[in-house]
Amino acid sequence: MTEVTKETFGTLPDGGGVVDKFILKSDSVTVEIISFGCIVTTLQTKDRHGKVADIVLGFDNLEGYIKKHPYFGAVVGRVANRISSGKFSIDGQEYQLAINKEPNSIHGGIKGFDKALWTPEVLPNGVRFALVSPDKDEGFPGELKVWVTYTLAEGELTIDYRAKTSKTTPVNLTNHSYFNLAGHGAPNIYDHEVCITAESYLPADDVQIPTGEIASVQNTYFDLRKAVKLGSHMQQFHMNGFDHNFCLPIGKDKKHCARVYHPATGRVLDVCTTQPGVQFYTMNAVTEPIKGKNGATYCKHSAFCLETQNWPDAVNKLNFPDSLLRPGEEYQHTTWLKFSVA
């Protein structure tokens with residue numbers, strides 16, 4: 001049985017509106033989500049001894065989320081991940097987006113869905129958020145209506161994404177939660193054991209745009225089909241971490257794509273999705289410490305993300321899964337995050 005309650009989280013400056021917080025509580029998991037950016041601010045789970053910890057990075061108050069931060073807990077869109085040079089063409093017309101991560105566009109632009117105030121609707125076991133992104137919003141064509149639904153059942157959080165458009169537009173939605181299964185204040189994730197089921201990944205250039213090649217993980221750093229301990233695996237291959245797309249079977253079936261285990265606490269995260277890819281990111285790009293919740297400090301490698309999504313720059317790659325949504329169609333994807341202990 002899931003209990004859903006609502007309270008006020010804060011007020012946006014300059015008459016931007018009231019931000020609500022929704023608390024979803026089951027016997028084993030408590031999730032807190034705010035209407036600003038559909039951000040997951042808190043996710044509490046038990047360890048093998050029944051001790052509760054908050055395992056997502058974030059801030060104590062709205063001010064932290066309004067300032068620049070690495071998309072902690074947010075829904076990102078209209079297009080998650082990178083678009084090369086912020087350019088794409090549809091039916092012969094070229095579109096230019098803002099360059100907000102030189103020399104590319106990332107996560108929907110300067111004011112993406114992570115910085116929007118969504119309209120909430122309480123459900124018996126969760127909350128649905130709605131947003132209308134106008135035509136030419138951040139340079140994208142078409143009015144896009146978007147619905148993101150979070151539901152909690154026992155230890156499983158389901159995130160369902162839907163969208164409809166008035167003009168053909170690229171759409172790629174994901175949640176950008178940062179996890180540390182030891183608890184959000186733990187210094188790093190080197191002791192986490194990670195398994196990603198993918199048989200191929202996308203090599204990228206020096207500005208993180210896929211080259212277009214779909215490469216086998218066999219005998220490479222990217223072969224995570226058998227669980228690896230992150231710290232020693234990165235050391236063995238002399239790598240700085242991960243920020244790569246792993247390719248999953250294409251098709252709308254639910255598939256298991258990743259499992260992360262923290263031996264010291266017994267916490268397990270299993271991820272299933274209908275999406276064709278998952279971006280595995282180990283927080284490599286953080287150069288300055290970030291002051292987070294409860295006085296915690298977040299640094300490089302403090303957390304990991306498993307961003308289920310379409311492949312980066314798919315709008316510019318004919319051999320990648322189609323990222324265009326057309327009028328009359330519905331964008332619909334679901335990701336399941338299952339929390340347990342072992």
Side-chain angles (χ1 to χ4, degrees), residues 2 24-31 33 40 42-57 73 75 125-126 148-161 173-184 186 189-201 217 222-230 233 242 244-283 303-309 333-342:
T2 299
L24 283 48
K25 190 174 171 55
S26 73
D27 288 342
S28 57
V29 175
T30 301
V31 189
I33 308 150
V40 175
T42 301
L43 207 161
Q44 295 179 327
T45 70
K46 295 173 182 173
D47 70 5
R48 67 162 67 89
H49 303 298
K51 188 182 170 194
V52 172
D54 182 0
I55 59 168
V56 293
L57 276 56
V75 164
N125 60 343
V148 176
T149 307
Y150 292 89
T151 50
L152 181 64
E154 297 302 328
E156 188 167 67
L157 178 66
T158 302
I159 313 175
D160 182 73
Y161 306 87
L173 305 175
T174 193
N175 177 279
H176 211 307
S177 286
Y178 287 72
F179 296 96
N180 188 317
L181 300 185
H184 75 93
I189 47 169
Y190 301 144
D191 55 353
H192 286 51
E193 295 177 7
V194 177
C195 168
I196 295 177
T197 60
E199 295 184 3
S200 53
Y201 77 101
V217 299
F222 301 96
D223 192 348
L224 306 178
R225 292 173 295 180
K226 286 186 180 154
V228 302
K229 188 158 274 193
L230 262 182
H233 184 73
F242 288 89
H244 294 83
N245 180 83
F246 288 79
C247 307
L248 307 174
I250 294 168
K252 295 297 287 286
D253 296 335
K254 178 180 181 177
K255 54 234 167 199
H256 183 262
C257 69
R259 179 181 176 94
V260 184
Y261 171 56
H262 185 244
T265 61
R267 285 193 185 88
V268 178
L269 167 59
D270 281 288
V271 181
C272 294
T273 190
T274 59
Q275 288 276 19
V278 58
Q279 186 89 2
F280 180 41
Y281 176 52
T282 51
M283 206 168 166
F304 66 89
C305 303
L306 288 163
E307 305 158 60
T308 52
Q309 56 185 270
H333 277 289
T334 308
T335 292
W336 295 264
L337 305 172
K338 187 170 187 185
F339 303 94
S340 60
V341 289

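Everything quoted here is computed from the prediction, not taken from an experiment.
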Within this structure, what is the [atom1]-[atom2] distance for the pair [X] and [Y], rounded to the nearest 0.5 Å?
X: Met283; Y: Asn180; atom1: CE; atom2: CG; result: 10.0 Å
X: Phe246; Y: Tyr201; atom1: CZ; atom2: OH; result: 8.5 Å
X: Tyr261; Y: Asp191; atom1: OH; atom2: CG; result: 11.0 Å
X: Asp160; Y: His333; atom1: CG; atom2: NE2; result: 10.5 Å
X: Leu152; Y: Ile33; atom1: CG; atom2: CD1; result: 8.5 Å
X: His262; Y: Leu269; atom1: NE2; atom2: CG; result: 13.0 Å

Specify the closest pair of heavy atoms between [X] and [Y], including all atoms of both residues, with the distance to one decimal.
X: Cys247; Y: Ala198; value: O-CB, 3.3 Å
X: Asp27; Y: Lys46; value: O-NZ, 3.2 Å
X: Glu199; Y: Arg225; value: CG-NH1, 3.9 Å
X: Gly183; Y: Ala53; value: CA-CB, 4.3 Å
X: Gly266; Y: Arg48; value: CA-NH2, 3.3 Å
X: Thr265; Y: Leu181; value: OG1-O, 3.7 Å

Short side-chain to backbone donor-acceptor contact, [X] and [Y], under 3.5 Å:
X: Thr274; Y: Lys252; answer: no
X: Asp54; Y: Gln44; answer: no
X: Thr174; Y: Thr308; answer: yes
X: Thr197; Y: His256; answer: yes
X: His184; Y: Ala186; answer: no
X: Asn175; Y: Gly73; answer: yes
X: Gln309; Y: Glu307; answer: yes

(message) For Lys255, I'd like to know if atom NZ has over 12 heavy atoms of other residues, nucleotides or ligands within 6.0 Å.
(response)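 Counting other residues, nucleotides and ligands, NZ of Lys255 exceeds 12 neighbours.
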(message) Working note: Phe304 + Val194, criterion side-chain contact (heavy atoms from CB on, under 4.5 Å); need CA distance, chi angles, decisive distance, verdict.
(response) CA-CA 10 Å; Phe304 66 89; Val194 177; 5.9 Å; no
(request) State which residue, out of Leu306, Leu248, Asp270, fulfils the side chain to side chain contact (heavy atoms under 4.5 Å, CB included) condition with Cys257. (result)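 Of all the options given, the one that passes is Leu248.
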(request) Kindly state whether the ring of His192 and the ring of Tyr190 have centres lying under 6.0 angstrom apart. (result)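 For His192 and Tyr190, the ring centres are not under 6.0 Å apart.
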(request) Over 60° means perpendicular and under 30° means parallel, so classify the ring planes of Phe242 and Phe280, tilted if in between. (result)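 Plane angle between 30° and 60°, so tilted.
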(request) Could you check whether the rings of Phe179 and Phe339 sit parallel, tilted or perpendicular, using 30° and 60° as the cut-offs? (result)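 If you compare the ring of Phe179 with that of Phe339, the planes turn out tilted.
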(request) Check the pair Ile189, Tyr178 against side-chain contact (heavy atoms from CB on, under 4.5 Å), reporting the backbone distance first and the verdict last. (result) CA-CA 11 Å; Ile189 47 169; Tyr178 287 72; over 6 Å; no
(message) Run Cys305 and His176 through side-chain contact (heavy atoms from CB on, under 4.5 Å) and show every step you take.
(response) CA-CA 7 Å; Cys305 303; His176 211 307; 3.6 Å; yes
(request) Given side-chain contact (heavy atoms from CB on, under 4.5 Å), test Thr335 with Val271 step by step and report yes or no. (result) CA-CA 7 Å; Thr335 292; Val271 181; 4.1 Å; yes
